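Below: the structure, in structure tokens.
Note that the structure is a prediction, hence the values are computed from the model and not measured. Below, each value reflects all heavy atoms present in this structure, side chains not excepted, and no hydrogens, waters or symmetry copies.
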Amino acid sequence: MANCKPQKKVLLLCGDYMEDYEAMVPFQALQAYGIAVDAVCPGKKAGDYCRTTVEDSGAYHGYQTYTEKPGHNFSLNATFDEVDFSKYDALVIPGGRAPEYLAINESVLNCARQFSDSGKLIAAICHGPLILAAAGLLKGRKCTAYHALGPVLIDAGALWIEPKTMMDCVSDGNLITGVIYKAHPEYIQLVVKALGGKIAGSDKRILFLCGDFMEDYEVTVPLQSLQALGCHVDAVCPKKKAGDFCPTAVHDFEGDQTYTEKPGHNFILTASYEGLDASSYDALVIPGGRSPEYLALDETVIALVKKFMQSKKPVASICHGQQILAAAGVLKGRKCTAYPAVKLNVVLGGATWLEPDPIDRCYTDENLVTGAAWPGHPQFVSQLMALLGIRVSF
């Protein structure tokens, strides 16, 4: 991680059917910056999991509200009943459907009140502020949220700030609120700064190489983690332009011999692939999922990857992304890990295989960062930060 010994500690308040991104992105981004994060859920213990939801714009289908699909299973790393709230510097509350029922749980309301009474930071996004409303913590406070929450938050005494975009955030003293996961870059940056964090070296331009059915977490977690640091990030896909989207895949382990796949979010691209000037970027990131299988057959993709590797600029690739590196012939003589099923590609590509044990272990070999799967994002992002000279200090 960014710091050997975390100097700040955050509690992530979880529940079944919280929004997938709104739990995992802050959870892994803050860890990448060197902040300890404990994820808890009432009635559950460390090692249990919460089911999540993928909530996306219904406008893609002509609906009047957002759509909901099953997301990843989110593993908890602490037990709610054993937590000493006084040991934490901040409380972070994801949205989704979980806050609807957590808001009627007295132990949850007591948790929120303890953080408020001690003046510690509370950050809530999307439907998360419902919990703060139920705890009586919004009277006279400026806040925003998913727009449909306006009436209930106004009734709770909040000074409601109507969101102009889905990326809006509001900061009022020790309270930070955001509209939905699209607000994560500012939302997470506000959390880091409120905890006393100082960000240095983030004036970097980073390119993400995307494709249809890339893994949902493996694009958005590192992308928003880097944006939250202040980096300029462009996400591109062959044959697509800025404003188009790539459907993503949710890959998880649910008792079968291999991972399951479910539809993920629709990921909006930020730049056009055609006419791309690779020399204007400081690093390349390659998500995993199923997209690398066919991107590895695209000669323009191969040429792009070769340019980055030949220039010795940082390249970070995770999971199945190493299929592209192998096809580009840039792994010869390099040390590399990947999702275990991709070992054949890595070895035949001429690399020395590094076992991903445990699965969240990542490696840096000169300008190349590789990881096996999305549980490794904290190390993956932290190691890329180190290559780019980006630091978060407290």
Side-chain angles (χ1 to χ4, degrees), residues 6-15 18-19 22-23 26-27 30 35-44 50 76 78-146 149-161 163 168-180 183-184 186-197 394:
Q7 298 178 1
K8 298 291 180 179
K9 196 170 184 181
V10 169
L11 187 67
L12 185 72
L13 183 58
C14 302
M18 58 188 174
E19 212 288 326
E22 290 168 7
F27 180 69
L30 294 174
I35 299 170
V37 185
D38 283 344
V40 297
C41 174
K44 299 192 181 190
C50 288
L76 304 167
T79 301
F80 184 85
D81 291 340
E82 297 174 359
V83 163
D84 180 355
F85 302 137
S86 68
K87 303 296 184 184
Y88 295 87
D89 300 290
L91 175 66
V92 175
I93 307 174
R97 281 197 291 110
E100 293 178 345
Y101 65 86
L102 291 178
I104 58 174
N105 184 315
E106 194 57 39
S107 65
V108 168
L109 302 185
N110 178 59
C111 168
R113 289 173 184 137
Q114 286 193 43
F115 276 88
S116 179
D117 291 345
S118 62
K120 291 180 178 178
L121 176 66
I122 299 176
I125 199 164
C126 192
H127 286 69
L130 282 174
I131 294 171
L132 305 182
L137 303 179
L138 293 182
K139 293 182 177 65
R141 305 299 299 273
K142 295 177 183 177
C143 77
T144 194
Y146 183 66
L149 269 65
V152 69
L153 299 188
I154 290 170
D155 286 344
L159 302 178
W160 172 249
I161 307 297
D168 286 1
C169 293
V170 172
S171 182
D172 182 9
N174 68 324
L175 177 63
I176 297 169
T177 50
V179 181
I180 63 169
H184 274 152
E186 182 182 0
Y187 178 77
I188 294 171
Q189 186 177 97
L190 286 171
V191 169
V192 171
K193 291 184 176 179
L195 290 172
F394 292 92

Q | Donor-acceptor contact present, side-chain Thr144 to main-chain Thr177, <3.5 Å | A | no
Q.
Run the side chain to side chain contact (heavy atoms under 4.5 Å, CB included) test on Leu195 and Val10 for me, step by step, so that the C-alpha distance in whole Å, both residues' side-chain angles and the decisive distance to 0.1 Å come before the verdict.
A. CA-CA 10 Å; Leu195 290 172; Val10 169; 4.0 Å; yes
Q.
Which heavy atom of Pro42 sits nearest to which heavy atom of Leu13, and what is that distance?
A. CD-CD1, 4.4 Å
Q | Closest approach of Tyr88 to Val83 (non-hydrogen atoms, all atoms of both residues) | A | CE1-CG1, 3.4 Å
(Q) Could you report the tightest heavy-atom contact between Leu137 and Ala112, atom names first, then the distance? (A) CD1-O, 3.6 Å
Q: Measure the shortest side-chain to side-chain distance between Leu30 and Val192 over non-hydrogen atoms and say whether it is less than 4.5 angstrom.
A: yes
Q: Show the numbers, then the answer: is there a side chain to side chain contact (heavy atoms under 4.5 Å, CB included) between Cys143 and Asp172?
A: CA-CA 7 Å; Cys143 77; Asp172 182 9; over 6 Å; no
Q. So do Leu91 and Cys111 actually touch side chain to side chain, heavy atoms under 4.5 Å?
A. yes
Q) Hey, what do you get for CG (Leu149) to SG (Cys126), rounding to the nearest 0.5 Å? A) 7.5 Å
Q: Output yes when a side-chain donor or acceptor of Asp89 lies under 3.5 Å from a complementary backbone atom of Lys9, and no otherwise.
A: yes
Q: Taking all non-hydrogen atoms of both residues into account, name the closest pair between Phe394 and Gln7 and its distance.
A: O-OE1, 3.2 Å
(Q) For Ala124, is there any backbone N or O sitting under 3.5 Å from a side-chain donor or acceptor partner on Tyr187? (A) yes
(Q) Within the 3.5 Å criterion, strictly below it, is a donor on Ser86 or Asp84 matched to an acceptor on the partner's side chain? (A) yes
Q) Between Ile176 and Gln189, is any pair of side-chain heavy atoms under 4.5 Å apart? A) no
Q | Other residues, nucleotides, ligands: >12 heavy atoms within 6.0 Å of Lys142 NZ | A | no
(Q) Return the CD1 to CG distance between Ile93 and Leu132, rounded to the nearest 0.5 Å. (A) 4.5 Å
Q: Look at Lys193 together with Glu186 and state whether they make a salt bridge at an N to O cut-off of under 4.0 Å.
A: no
Q: Fit a plane to each ring of Phe85 and Phe115, take the angle between them on a 0 to 90° scale, and name the class: parallel (under 30°), tilted (30 to 60°) or perpendicular (over 60°).
A: tilted
Q | Nearest atoms (heavy-atom pairs only) where Leu109 meets Ala135 | A | CD2-N, 3.9 Å
Q. Short question: side chain of Lys44, backbone of Gly15 - any donor-acceptor pair under 3.5 Å?
A. no
Q) If you round to the nearest 0.5 Å, how far is NE2 of His127 from CE of Met18? A) 15.5 Å
(Q) What's the separation between atom CG in Leu190 and atom OG in Ser171, rounded to the nearest 0.5 Å? (A) 5.5 Å
(Q) What verdict does the side-chain hydrogen bond (donor to acceptor under 3.5 Å, both in side chains) test give for Asn105 and Ser107, after you've listed the backbone C-alpha separation in whole Å, the side-chain angles of each residue and the deciding distance to 0.1 Å? (A) CA-CA 6 Å; Asn105 184 315; Ser107 65; 2.5 Å; yes
(Q) As an exercise, state the distance from CZ of Arg113 to CD1 of Ile131, rounded to the nearest 0.5 Å. (A) 12.0 Å
Q: Indicate the atoms forming the closest heavy-atom contact of Lys139 with Ala156, along with that distance.
A: CG-O, 3.5 Å
Q | Gap between atom CG of Asp117 and atom CG of Asn110 - 0.5 Å precision | A | 9.0 Å
Q: Give the intermediate values and the outcome of side chain to side chain contact (heavy atoms under 4.5 Å, CB included) for residues Ile125 and His184.
A: CA-CA 9 Å; Ile125 199 164; His184 274 152; 3.9 Å; yes
Q) Is there a side chain to side chain contact (heavy atoms under 4.5 Å, CB included) between Cys41 and Phe80 once you walk through the steps? A) CA-CA 6 Å; Cys41 174; Phe80 184 85; 5.9 Å; no
